[in-house]
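Following: one structure in structure tokens, then a few remarks.
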Amino acid sequence: PDGSDVQAVAEFAWLVKNVVWPLGRQCLGMAGLLAGTGMAVPWEQLSRVDAATGSLAEDLKLGVDLAIAGNYPAYLPSATLTSRFPVSEESLSVQRQRWEVGSLAVLINYVVPLLKEALRKLDVKLFLLAIDISIPPLVMYFVVLVSTCAITGVAILLGGSWTGFMIALSGVLLWSVSVFMSWAAFGQKVLPLSAWPSIFRFILQKKSIYAVAFYRKKLKWQRTDRRS
């Protein structure tokens, strides 16, 4: 890491994705998700799914495919693997763009089939997995919630119901409490209080990623450059 406050925010977001969420899934008895570096899959299981898809979020897609085949990934907290964050802004942007756009593609293409398969098999784990992957990436989820608050707020001024606004506001509050609790339990060393104002800069830097997702520009899988 380069020591910048924005980089600290990015590291905290990565910590939530790769440690906090997997621990939460494990505590709830849910299926895990694969997360790239650190995966271990028996060849017998891997050979039964298509691992060469070119998906931007190939690890996430592989985990879902394995779950559909009845092989649910499990999170192992005792296994530790460290890797370097991209050191250049360009490499970091490529990594974020690939993951977030790829995650949205998996969300769009897999949630409905997973729900159908879960109902067909009466499989609670598959059902919960569908709900899990239907949640957008952390920052995008926040942007969606805040945007919904703004839209429903305008609707109230035009004579609409308060119901939608209160639901959206509850989502924002729950998101905020969840992030704060994650920081208090796991992230204080990664994200000091002095770096909190940079959260807004981090969110603003995502606008180009969301533009790519919104306009459905074609992206190719590209390895992240981690060289110093």
Side-chain angles (χ1 to χ4, degrees), residues 10-83 95-142 144-145 171 174-175 177-179 181-183 185-187 190 213 221 224:
E11 289 181 28
F12 172 66
W14 205 246
L15 179 72
V16 171
K17 173 187 174 293
N18 287 308
V19 176
V20 180
W21 279 14
L23 282 174
R25 294 186 190 102
Q26 186 181 60
C27 291
L28 294 172
M30 296 170 59
L33 292 172
L34 296 181
T37 306
M39 302 186 305
V41 185
W43 174 250
E44 181 183 357
Q45 297 176 12
L46 189 61
S47 62
R48 296 176 182 174
V49 298
D50 185 6
T53 62
S55 170
L56 293 176
E58 76 289 350
D59 48 359
L60 178 60
K61 180 184 181 302
L62 177 59
V64 173
D65 286 338
L66 288 168
I68 292 175
N71 302 307
Y72 300 104
Y75 178 58
L76 189 63
S78 59
T80 302
L81 190 144
T82 59
S83 62
Q95 183 188 54
R96 291 173 183 167
Q97 190 172 76
R98 176 164 57 85
W99 168 252
E100 299 214 19
V101 175
S103 296
L104 284 178
V106 172
L107 184 159
I108 293 169
N109 295 322
Y110 271 87
V111 169
V112 173
L114 268 177
L115 288 173
K116 289 181 178 178
E117 191 71 8
L119 291 173
R120 187 181 71 83
K121 295 181 177 179
L122 298 178
D123 190 324
V124 175
K125 277 193 171 184
L126 271 185
F127 177 79
L128 293 176
L129 180 62
I131 301 301
D132 191 7
I133 67 170
S134 70
I135 301 173
L138 190 65
V139 173
M140 183 176 290
Y141 191 29
F142 177 75
V144 169
L145 290 171
L174 287 171
W175 184 96
V177 170
S178 299
V179 169
M181 291 176 65
S182 298
W183 172 81
F186 300 95
V190 173
W221 192 95
T224 302

Interatomic spacing from CD in E117 to CG in L126 - rounded to 0.5 Å:
6.5 Å

To the nearest 0.5 Å, atom CG of L115 lies from atom CD1 of I131 at 5.5 Å

Taking the side chain as C-beta and beyond, is there a heavy-atom pair between V179 and F12 under 4.5 Å?
yes

Salt bridge (charged side-chain N to carboxylate O under 4.0 Å, His left out) partners of residues 12-26, not counting sequence neighbours, each pair once:
R25-D132

Rounded to the nearest 0.5 Å, what's the gap from CD on E11 to CG on N18? Could you check?
12.0 Å

Side chains of L129 and L33 in contact at under 4.5 Å (non-hydrogen atoms):
yes

Shortest non-hydrogen pair, L15 vs F186, comes out as CD2-O, 3.4 Å

Taking the side chain as every heavy atom from C-beta outward, state whether L34 and L66 have any atom pair closer than 4.5 Å.
yes

Side-chain heavy-atom pair L145, F142 within 4.5 angstrom cut-off
no

Give, for atom OG of S134 and atom CD1 of I108, the distance between the pair rounded to the nearest 0.5 Å.
12.0 Å

Student check: side-chain heavy atoms of W183 and V16 closer than 4.5 Å:
no

Any donor-acceptor pair under 3.5 Å from K121 side chain to I68 backbone
yes

If you count every heavy atom of other residues, nucleotides or ligands that lies below 6.0 Å from Y72 atom OH, does the total exceed 12?
yes

Do Y110 and L60 have side chains that get closer than 4.5 Å, going by heavy atoms?
no

The reported gap from CG in L114 to CG in L128 (rounded to nearest 0.5 angstrom) is 11.0 Å

Check the surroundings of atom NZ in K116: do more than 12 heavy atoms from other residues, nucleotides or ligands lie under 6.0 Å from it?
no

Looking at side-chain heavy atoms only, is the closest gap between E44 and R48 below 4.5 Å?
yes

Closest heavy-atom pair, F127 versus A118, reported as atoms and distance to 0.1 Å, is N-CB, 3.4 Å

Which pairs, with at least one residue in residues 26-35 and sequence neighbours excluded, count as a salt bridge (charged side-chain N to carboxylate O under 4.0 Å, His left out)?
none

